[in-house]
Amino acid sequence: MEEKLIAIRKKIKFARLKKEYSQYYMGCRLSTSQIAYHNLENGKSNIKIDTLLKIATILEVDVKDFFDFEELNKKGS
């Protein structure tokens, strides 16, 4: 399970960087601080479902994309 949580966080970070959004920007959009957002993205705090949905909306991605573990499954084969 931890592997999948790490994969989700990496996908969030990749999507954020692709949009060229800073952690500060994401924190502002989520009504939190840059530090709090950093902690979410780096596994120092848990991501709630409603926060994950907001992140997907901000990044203009489908939340299901964060749960595509095909690459992870290939590594495990």
Side-chain angles (χ1 to χ4, degrees):
M1 177 143 134
E2 185 65 28
E3 234 175 36
K4 290 183 179 180
L5 292 173
I6 291 168
I8 290 169
R9 288 175 183 356
K10 284 182 180 180
K11 288 171 191 256
I12 290 169
K13 184 174 184 176
F14 178 79
R16 177 180 61 80
L17 293 174
K18 188 174 179 182
K19 296 290 271 184
E20 299 182 359
Y21 291 164
S22 67
Q23 290 181 342
Y24 176 79
Y25 174 79
M26 293 298 293
C28 289
R29 291 287 310 270
L30 293 168
S31 301
T32 191
S33 68
Q34 178 271 325
I35 300 272
Y37 180 79
H38 170 83
N39 289 341
L40 285 176
E41 198 174 84
N42 290 287
K44 295 177 182 164
S45 63
N46 291 322
I47 302 175
K48 296 179 182 178
I49 295 295
D50 62 329
T51 303
L52 188 61
L53 293 170
K54 289 176 190 175
I55 289 171
T57 300
I58 294 165
L59 296 174
E60 299 176 313
V61 297
D62 194 321
V63 73
K64 72 178 179 172
D65 295 341
F66 295 142
F67 295 93
D68 179 5
F69 301 118
E70 191 167 316
E71 285 298 314
L72 191 59
N73 292 336
K74 286 180 185 176
K75 288 179 185 176
S77 299

Subject >> Partners passing salt bridge (charged side-chain N to carboxylate O under 4.0 Å, His left out) against Glu20 (at least two apart in sequence or in another chain) >> reply: none
**OP:** With sequence neighbours left out, write down each residue that passes side chain to side chain contact (heavy atoms under 4.5 Å, CB included) with Ser33, or none if nothing qualifies.
**Re:** Ile35, Ala36
Original post:
Hey, any chance Met26 and Phe14 share a hydrophobic cluster, counting ILVMFWY side chains that come within less than 4.5 Å of each other, even indirectly?
Top reply: no
Subject >> Heavy-atom check, side chain of Lys11 versus side chain of Asp65, under 4.5 Å >> reply: no
Original post:
For residues 34-43, which residue pairs qualify under salt bridge (charged side-chain N to carboxylate O under 4.0 Å, His left out), counting only residues two or more places apart or in two chains?
Top reply: Arg16-Glu41
Original post:
Can you hop from Ile49 to Leu40 via hydrophobic side chains spaced under 4.5 Å?
Top reply: yes
**OP:** Taking salt bridge (charged side-chain N to carboxylate O under 4.0 Å, His left out) as the test, write out the residues that go with Lys19, two or more places apart.
**Re:** Glu60
Original post:
Distance from Gln23 atom CD to Thr32 atom OG1, nearest 0.5 Å?
Top reply: 11.5 Å
Original post:
What side chain to side chain donor-acceptor pair (under 3.5 Å) pairs are there with at least one residue in residues 44-54, not counting sequence neighbours?
Top reply: none
**OP:** Apply side chain to side chain contact (heavy atoms under 4.5 Å, CB included) to Leu52 and list each qualifying residue two or more places apart in sequence or on a separate chain.
**Re:** Ile8, Ile12, Ile47, Val63, Phe66, Phe67
Subject >> Residues which pass side-chain hydrogen bond (donor to acceptor under 3.5 Å, both in side chains) with Lys10, listed by chain and number, not counting sequence neighbours >> reply: none
Original post:
Which pairs, with at least one residue in residues 16-43 and sequence neighbours excluded, count as a ring-ring contact (aromatic ring centres under 6.0 Å, His included)?
Top reply: Tyr21-Tyr25
**OP:** Kindly compute the distance separating CD1 (Ile6) from CG (Asn42), expressed to the nearest 0.5 Å.
**Re:** 11.0 Å
